[in-house]
Number of protein chains: 2
Amino acid sequence: MLKYEAIARELREDIQQGKYTPGEQLALEKEMCQQYGVSRITIKRAVDELVKQGLVVKRRGSGTFVKSLKDEDVKELSMANQFSGFAATFKGRKVASKILKFEIIHPTAEVAAKLQLAVDDFVYDIIRVRLLDDQPIVVEYTQMPIQLITGLKRQTLEKSIYSYIEEDLGYKIQSAHRTVRAVMPTPEEREELQIEGVLPLLEVTQVAFLDDGRPFEYSIAHHRGDCSNFRSVSIR
Amino acid sequence: MLKYEAIARELREDIQQGKYTPGEQLALEKEMCQQYGVSRITIKRAVDELVKQGLVVKRRGSGTFVKSLKDEDVKELSMANQFSGFAATFKGRKVASKILKFEIIHPTAEVAAKLQLAVDDFVYDIIRVRLLDDQPIVVEYTQMPIQLITGLKRQTLEKSIYSYIEEDLGYKIQSAHRTVRAVMPTPEEREELQIEGVLPLLEVTQVAFLDDGRPFEYSIAHHRGDCSNFRSVSIR
DNA sequence: ATATAATAGATGTATATATGAGCAAGGAGG
DNA sequence: CCTCCTTGCTCATATATACATCTATTATAT
């Protein structure tokens with residue numbers, strides 16, 4: 001474990017456990033150096049991590065101060081700017097998948113461009129309903145190049161494609177580019193998500209990349225608006 | 001302008017102008033040191049900025065590589081993880097506001113908690129329709145503590161509250177915590193946003209903070225789903 | 001008493017340097 | 001010819017140091 005990560009986690013846990021009142025000043029960077037036995041730059045990286053997570057603010061010339069947050073917010077914020085697949089996001093809870101489609105097709109021109117492919121290349125075309133504690137909460141439309149994500153089996157789709165990519169294929173997943181919109185469900189989605197009445201869906205369109213920069217996934221996820229939501233922290 | 005920012009911008013412009021083919025390797029950090037006449041740590045900060053913006057990936061032992069992106073994506077990505085008010089977001093275009101409500105009330109318990117107030121404190125209660133090029137695209141429900149954001153006038157609401165806070169009150173805005181959901185418009189919203197037929201809205205709930213850590217705004221924005229959308233880059 | 005100026009203290013930026021870890025190419029040995 | 005290992009290159013992490021910039025307090029002058 002990296003030093004600055006360990007210190008950031010320790011500080012975060014202190015804040016989560018309410019050891020600071022809202023607005024209270026943290027120890028000075030110089031003091032933390034002694035406290036943790038590391039250099040000031042390492043302390044700075046740790047505290048900057050907390051800023052990125054939205055827990056504290058730094059004021060040049062004054063010090064670092066805990067934001068005025070409700071307790072429940074603090075836990076969720078640490079996760080806000082990370083990203084992982086469905087299975088990892090709800091790790092520890094009962095997750096399952098219902099496969100509606102699993103074929104190999106040619107991509108459209110738009111998808112081919114996003115995945116850096118030619119239109120006569122092939123991609124997996126997957127539609128899955130993801131269930132959390134037996135409740136359907138999202139329909140995922142996924143396309144992946146067959147050259148890159150080789151040997152995908154129906155069995156893998158039941159669980160987690162991401163862990164297949166990382167553990168079996170040995171790739172590393174680096175990042176995802178997302179856009180979010182609001183849409184209405186199709187009749188099929190209404191049925192699969194067991195929607196009664198009028199309920200909109202949150203559409204998350206995502207292109208995901210390996211750590212060598214190659215895009216490996218184009219996916220559109222339609223979330224039940226009343227179940228899941230997305231959080232983020234933005235810094236000026 | 002900071003050195004690492006200037007270098008990051010220069011590199012970003014090179015990428016935007018297509019000086020690199022998708023997947024192409026950037027100059028080595030050591031080479032950039034000579035090229036720009038700065039230390040390696042400064043180069044590293046600049047390149048890390050591009051990683052955060054989603055334009056490149058770094059591979060230890062190999063170098064830095066340009067992601068495979070469509071041209072149009074590159075421009076928008078630089079902005080993705082920033083945040084600004086409505087007026088600043090659409091700077092250069094015609095923006096206007098229609099004020100539906102401007103009152104002073106007691107906050108609910110939930111809002112009071114988020115804004116670190118007591119329920120017998122007072123907050124501004126503002127409802128505005130924001131127009132872009134004369135088209136209504138979002139309804140904003142905003143609450144701000146009157147102790148903090150003092151002297152707010154109807155005239156200010158027509159323009160930009162954020163620039164009033166920064167320029168007139170002299171505060172600095174630091175960050176915002178957001179959650180995003182999908183919702184259906186109310187009959188009023190249907191009218192104000194000139195919605196015909198069935199169209200869902202993107203709901204962005206936001207708590208915004210000053211640079212001293214105090215929350216100064218609780219707002220809920222309902223965006224026409226077909227006009228605006230939100231982008232973000234997530235790193236593992 | 002008020003306004004201004006000096007000063008101490010805190011974080012920000014940048015450099016130089018050392019060590020660690022992952023990657024790829026090239027050489028030794030079978 | 002193929003495999004394994006060494007080696008050098010590249011980025012990652014961490015330290016020490018210097019100077020810049022901003023804040024808040026203290027001291028001084030009016």
Side-chain angles (χ1 to χ4, degrees), chain A residues 1-11 20 23-52 55-67 166 169-175 209-214 235-236, chain B residues 1-11 23-52 55-67 166 169-175 210-214 235-236:
Chain A
M1 165 86 53
L2 303 177
K3 285 190 183 179
Y4 84 91
E5 277 185 359
I7 294 170
R9 199 177 63 183
E10 205 165 318
L11 290 170
Y20 299 92
E24 188 177 345
Q25 184 166 12
L26 254 59
L28 302 177
E29 293 188 355
K30 201 199 295 181
E31 294 168 3
M32 290 194 203
C33 292
Q34 298 217 332
Q35 193 176 333
Y36 292 97
V38 298
S39 72
R40 214 196 94 195
I41 293 182
T42 303
I43 293 294
K44 177 172 160 46
R45 286 191 70 180
V47 178
D48 284 349
E49 186 63 27
L50 296 188
V51 173
K52 208 172 71 179
L55 299 180
V56 305
V57 293
K58 297 174 83 165
R59 303 176 61 188
R60 176 195 254 173
S62 303
T64 304
F65 300 84
V66 178
K67 269 189 187 172
E166 295 209 297
L169 295 179
Y171 291 136
K172 280 183 194 155
I173 294 168
Q174 194 251 357
S175 63
F209 294 82
L210 298 177
D211 79 333
D212 60 6
R214 286 182 293 177
I235 312 281
R236 273 236 145 161
Chain B
M1 164 87 52
L2 304 176
K3 285 190 184 178
Y4 82 92
E5 277 185 0
I7 294 169
R9 199 177 62 182
E10 204 165 318
L11 289 170
E24 187 177 346
Q25 184 166 13
L26 254 59
L28 301 178
E29 293 188 354
K30 201 199 293 180
E31 293 169 3
M32 290 194 205
C33 292
Q34 297 218 332
Q35 192 176 332
Y36 292 98
V38 299
S39 71
R40 216 199 93 194
I41 294 182
T42 303
I43 292 294
K44 179 173 158 47
R45 285 190 72 179
V47 178
D48 284 348
E49 186 64 27
L50 297 189
V51 173
K52 208 172 72 177
L55 299 181
V56 304
V57 294
K58 297 174 85 165
R59 303 174 61 187
R60 186 196 292 204
S62 303
T64 303
F65 300 84
V66 178
K67 269 188 187 171
E166 295 208 297
L169 296 179
Y171 292 135
K172 277 182 195 155
I173 295 168
Q174 193 253 356
S175 62
L210 297 178
D211 79 332
D212 59 6
R214 285 183 293 178
I235 311 282
R236 271 237 144 158

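Here is how names work: the chains are called A, B, and so on, in the same order as the sequence lines, proteins then strands, and each is numbered from 1. Reckoned from all heavy atoms, side chains included, excluding hydrogens, waters and symmetry mates. The model shown is predicted, which means the values in this text are computed figures rather than measured ones.
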Between [N] atom [atom2] and [X] atom [atom1], what is the distance in whole Å?
X: B:Q25; N: D:dC9; atom1: CD; atom2: P; value: 15 Å
X: A:Y4; N: D:dT13; atom1: OH; atom2: C1'; value: 9 Å
X: A:I7; N: D:dA14; atom1: CD1; atom2: P; value: 8 Å
X: A:L2; N: D:dA12; atom1: CG; atom2: P; value: 12 Å
X: A:D212; N: D:dC11; atom1: CG; atom2: P; value: 16 Å

Qualifying residues under side chain to side chain donor-acceptor pair (under 3.5 Å), relative to [X], sequence neighbours excluded:
X: A:E24; value: A:T21
X: A:E10; value: none
X: B:R214; value: B:D212
X: A:S62; value: none

Show me the donor-acceptor pairs within less than 3.5 Å that the side chains of residues 39-47 of chain A make with the rest of the protein, sequence neighbours left out.
unit_1: A:S39; atom_1: OG; unit_2: A:T42; atom_2: OG1; d: 3.3
unit_1: A:R40; atom_1: NE; unit_2: A:E29; atom_2: OE1; d: 3.1
unit_1: A:K44; atom_1: NZ; unit_2: A:D48; atom_2: OD2; d: 3.0

Contacts of B:V66 that satisfy side chain to side chain contact (heavy atoms under 4.5 Å, CB included) - sequence neighbours left out
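Checked B:V66 against side chain to side chain contact (heavy atoms under 4.5 Å, CB included); matches are B:I15, B:Y20, B:L26.
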With A:R60 via side chain to side chain contact (heavy atoms under 4.5 Å, CB included) - residues at least two apart:
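Here no residue qualifies.
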Go through residues 40-51 of chain A and report each residue with a non-hydrogen atom lying under 4.0 Å from DNA chain C, sorted by number.
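Correct list: A:R40, A:I41, A:K44.
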Please enumerate all protein N or O atoms sitting under 3.5 Å from an N or O of nucleotides 23-26 of chain D, with distances to 0.1 Å.
unit_1: D:dT23; atom_1: O3'; unit_2: A:S62; atom_2: OG; d: 3.1
unit_1: D:dA24; atom_1: OP1; unit_2: A:R59; atom_2: NH2; d: 3.4

Leading and trailing nucleotides of DNA chain C with any atom under 4.0 Å from heavy atoms of chain B =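 Going 5' to 3' along DNA chain C, contacts run C:dT13 to C:dA24.
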Show every donor-acceptor pair shorter than 3.5 Å between a side-chain atom in residues 30-38 of chain B and any protein atom, with sequence neighbours excluded, or say none if there are none.
unit_1: B:E31; atom_1: OE1; unit_2: B:L28; atom_2: N; d: 3.3

